[in-house]
Amino acid sequence: QVQLAESGGGSSQTGGSLRLSCVASGATHSNYVMAWFRQAPGKEREGVAAISTQSTATYHAASVKGRFTISRDNAKNTLYLQMISLKPEDTAIYYCAAATRPFSLLEFANTNLYAYWGQGTQVTVSS
């Protein structure tokens, strides 16, 4: 069983930066493909970025490519999402997720692939 806890959310103005963290406990972090998702009010949860177990591969959604960067530190059991050049449309609750089976990162946005989810952290970007 894996417990995931996000932090680092908050408020920012357009063009600002935030870094989200997700600490995993209860299992070996490095065994899991990890990802960030977000959900805005009235919208479906969407995949933001994913990273392979040993950081050899990453995938970012087109909407955040060039602005967000996913990374992980397996020694610290921590997943990160560095966000720069924030836009009001980035406003959402951000969730980290862990997958127990390998898959192509091209499929990362499929929520059914993930067995564990954090509680989410709110990111609000004002214009």
On a heavy-atom basis, the closest approach of Phe37 and Ala109 is CE2-O, 3.5 Å
Smallest heavy-atom separation, Ser52 atom then Leu105 atom, equals N-CD1, 4.3 Å
How close do Val125 and Thr91 get, counting heavy atoms only, and between which atoms?
N-OG1, 2.9 Å
Nearest 0.5 Å, please: how far is CE in Met34 from OH in Tyr114?
9.5 Å
Hydrophobic clustering (ILVMFWY, side-chain heavy atoms < 4.5 Å, transitive) - are Phe103 and Tyr95 grouped together?
yes
Return the OG to CD distance between Ser21 and Gln82, rounded to the nearest 0.5 Å.
9.5 Å
Ring centres of Trp36 and Phe68 under 6.0 Å apart?
no
Working for side-chain contact (heavy atoms from CB on, under 4.5 Å), residues Thr53 and Val33
CA-CA 5 Å; Thr53 57; Val33 173; 4.3 Å; yes
Kindly give the heavy-atom pair with the smallest separation between Gly26 and Gln3, and that separation in Å.
CA-OE1, 3.8 Å
Can you name the side chain to side chain donor-acceptor pair (under 3.5 Å) partners of Tyr32, sequence neighbours left out?
none
Is there a path from Leu4 to Leu81 through hydrophobic residues (I, L, V, M, F, W, Y) whose side chains come within less than 4.5 Å of each other?
yes
Roughly how far, to the nearest 0.5 Å, is CG of Asp90 from OG of Ser85?
9.5 Å
When the ring planes of Phe108 and Tyr59 are compared, do they come out parallel, tilted or perpendicular, using 30° and 60° as the limits?
tilted
Smallest heavy-atom separation, His60 atom then Ile70 atom, equals NE2-N, 3.0 Å
Counting distance only, does the side-chain N/O of Glu6 pair as donor-acceptor with the main-chain N or O of Leu20 below 3.5 Å?
no
Are more than 12 heavy atoms from other residues, nucleotides or ligands located less than 6.0 Å from atom CD of Glu89?
yes
Working to the nearest 0.5 angstrom, can you tell me the gap between Ser12 OG and Lys87 NZ?
13.5 Å
So, applying side-chain contact (heavy atoms from CB on, under 4.5 Å) with Ile93, which one of Arg45, Gln122, Arg38 is it?
Gln122
Any side-chain heavy-atom pair of Leu113 and Glu107 under 4.5 Å:
yes
Grab the two heavy atoms, one from Gly66 and one from Ile84, that are nearest each other, plus how far apart they are.
O-CD1, 4.4 Å
Ser126 backbone acceptor or donor facing Thr14 side chain under 3.5 Å:
yes
Are Asn74 and Gln54 packed together at the side-chain level, in the sense that at least one heavy-atom pair is separated by less than 4.5 angstrom?
yes
Distance in Å, Thr69 OG1 paired with Tyr80 OH, rounded so as to fall on 0.5 Å steps
14.0 Å
Could you state the interatomic distance from CZ (Arg67) to OG (Ser17), rounded to the nearest 0.5 Å?
10.5 Å
Which is it for Met83 and Val123 under the side-chain contact (heavy atoms from CB on, under 4.5 Å) test, yes or no, and what are the steps along the way?
CA-CA 10 Å; Met83 306 185 293; Val123 171; 3.9 Å; yes
